[in-house]
Amino acid sequence: MSSRLTGVGVGPGDPELVTVKGVDALRAAEVVVVPVMDTGERGRAEATVLHYVPAGKVVRVVFALNERTDRKRREAAWDAAGERVAGLLRERGSVAFATIGDPNVYSTFTYLAQTVGELVPGVVVETVPGITAMQDLAARSGAVLTEGTEPLTLVPVTAGSAVLKEALAGPGTVVAYKFGRRAGEVAEALRETGRLDDAVWGSALGLPEESVRSAAEMDGTPLPYLSTLIAPPRRADGRGGKL
């Protein structure tokens, strides 16, 4: 039988936001891999998974998730992680990889699957969708992501503030991921495009240290790295105006 690698989205951190299908996939796999930084600290994916499967079934695999400058070191860590998961597939046949959010949205799983596919010919790769941070933040803040024919633009601020400014100058709602370290630049971009007052940001959603605030409160102080921003367009047409 072919080995199977399943990327399971476990949501933004609140264990109650894992889908039933996601829980079933975690429990059905022989091994559940969770990514950890080389510091060894427990990440959100691992903490969420442990609500549903016993610790003895969980394998922690180090990824250089916090390495931003040394490309060789980062690539070496990725190769080692791919080899580790490939070995587990050969031994056990069925591996689930838990990732925060959704496995097809800026996920570690995308790169892992490519690497493992080269190391384990014939491996079946599949994904189980997960709730994203923007969906959770919209629910917790009351922000409406889209109406009618509005577009929705998702921007990782790790790509630079210029990309965010370009998106904010366009139509529809803009969502920014991983903007915490550049909070000052983000606040300025919101001011320049007239979107500051209606925008909201959040971090550690569903966790004890959760913070959901108006973007107008940002003072330039760096925020948690995984902070999420929702910047809706101005909606002046009233109810039904976008239909």
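Index from 1, following the sequence.
Cluster annotation: Leu168 and Met134 are assigned to distinct hydrophobic clusters (Ile/Leu/Val/Met/Phe/Trp/Tyr, side-chain heavy-atom contacts under 4.5 Å, transitive). Ile230 and Val174 sit in two unconnected hydrophobic clusters of ILVMFWY residues. Membership requires side-chain heavy atoms under 4.5 Å apart, directly or through other members. Residues Val157 and Leu229 fall within the same hydrophobic cluster, defined by Ile, Leu, Val, Met, Phe, Trp and Tyr side chains chained together at heavy-atom separations under 4.5 Å. Under the 4.5 Å side-chain heavy-atom criterion for ILVMFWY residues, a single connected hydrophobic cluster contains both Val59 and Leu5. The hydrophobic cluster containing Val10 also contains Val34, counting ILVMFWY residues as joined when their side-chain heavy atoms lie under 4.5 angstrom apart, directly or transitively.
Pairs engaging residues 129-146 under the side-chain hydrogen bond (donor to acceptor under 3.5 Å, both in side chains) rule: Asp14-Arg140, Thr132-Gln135, Asp136-Arg140, Arg140-Glu210 [sequence neighbours left out]. Sequence neighbours left out, the pairs with a member in residues 95-106 that pass side-chain hydrogen bond (donor to acceptor under 3.5 Å, both in side chains) are Thr99-Ser107, Asn104-Thr127.
Under the 4.5 Å side-chain criterion, counting only non-hydrogen atoms from C-beta, Val33 is not in contact with Arg84. In this structure, the side chains of Ser3 and Val124 stay at 4.5 Å or more apart for every pair of heavy atoms. Within the 4.5 Å cutoff, the side chain of Val120 has heavy atoms near those of the Arg90 side chain. Proximity of Val31 to Glu91: side-chain heavy atoms (C-beta onward) are nowhere separated by under 4.5 Å. For the pair Trp78/Thr115, no side-chain contact is recorded, criterion being any heavy-atom separation below 4.5 Å from C-beta on.
Taken to the nearest 0.5 Å, the CZ atom of Arg181 stands 12.0 Å off from the CG atom of Leu223. Interatomic distance, Leu26 CG to Lys57 NZ, rounded to the nearest 0.5 Å: 7.5 Å. From Lys165, atom NZ reaches atom CG of Leu190 across 10.5 Å, with rounding to the nearest 0.5 Å. Once rounded to the nearest 0.5 Å, the distance linking OG1 of Thr48 with CZ of Arg42 reads 10.5 Å.
A 6.0 Å sphere centred on CD of Glu16 holds no more than 12 heavy atoms belonging to other residues, nucleotides or ligands. Crowding of Glu188 atom CD: a count of heavy atoms from other residues, nucleotides or ligands under 6.0 Å exceeding 12.
Closest heavy-atom contact between Tyr177 and Ala133: OH-N, 3.6 Å. Contact record, Pro103 with Gly7: CG-O, 3.6 Å, taken as the closest heavy-atom pair. Shown here for Asp198 and Pro232, the closest heavy-atom pair between the two residues is O-CD, 3.3 Å. For Glu150 against Pro233, the heavy-atom pair with the smallest separation is OE2-CG, 3.7 Å. Ala204 and Glu209 get closest at one heavy-atom pair: CB-CG, 3.5 Å. Contact detail for Trp201 and Ala215: the closest heavy-atom pair is CD1-CA, 4.0 Å.
In the hydrophobic clustering (ILVMFWY side chains linked at under 4.5 Å, chained through shared members), Val20 stands by itself. Side-chain heavy-atom separations under 4.5 angstrom define the hydrophobic clusters, and the remaining members of the one that includes Leu17 are Ile131.
Formation of a donor-acceptor pair under 3.5 Å by the Arg213 side chain with backbone atoms of Met218 is not found in this model. Checking side-chain atoms of Arg191 against main-chain N and O of Leu196 turns up no donor-acceptor pair under 3.5 Å.
Under the side chain to side chain donor-acceptor pair (under 3.5 Å) criterion, Glu126 pairs with Arg4, Thr6, not counting sequence neighbours. Residues satisfying the side chain to side chain donor-acceptor pair (under 3.5 Å) test with Ser227, not counting sequence neighbours, are none.
Phe97 pairs with exactly one of Val116, Thr108, Val125 by the side-chain contact (heavy atoms from CB on, under 4.5 Å) rule, that one being Thr108. The residue from Leu226, Val186, Leu164, Val155 that alone fulfils the side-chain contact (heavy atoms from CB on, under 4.5 Å) condition with Phe179 is Val186.
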message = Run the side-chain contact (heavy atoms from CB on, under 4.5 Å) test on His51 and Val18 for me, step by step, so that the C-alpha distance in whole Å, both residues' side-chain angles and the decisive distance to 0.1 Å come before the verdict.
response = CA-CA 10 Å; His51 280 79; Val18 184; over 6 Å; no
key: Residues Thr173, Arg235; criterion side-chain contact (heavy atoms from CB on, under 4.5 Å); working and verdict   = CA-CA 10 Å; Thr173 296; Arg235 297 175 174 128; 3.4 Å; yes
task = Dump the intermediate steps for side-chain contact (heavy atoms from CB on, under 4.5 Å) on Glu83 and Leu119, then the final yes or no.
result = CA-CA 8 Å; Glu83 290 283 1; Leu119 296 172; 3.8 Å; yes
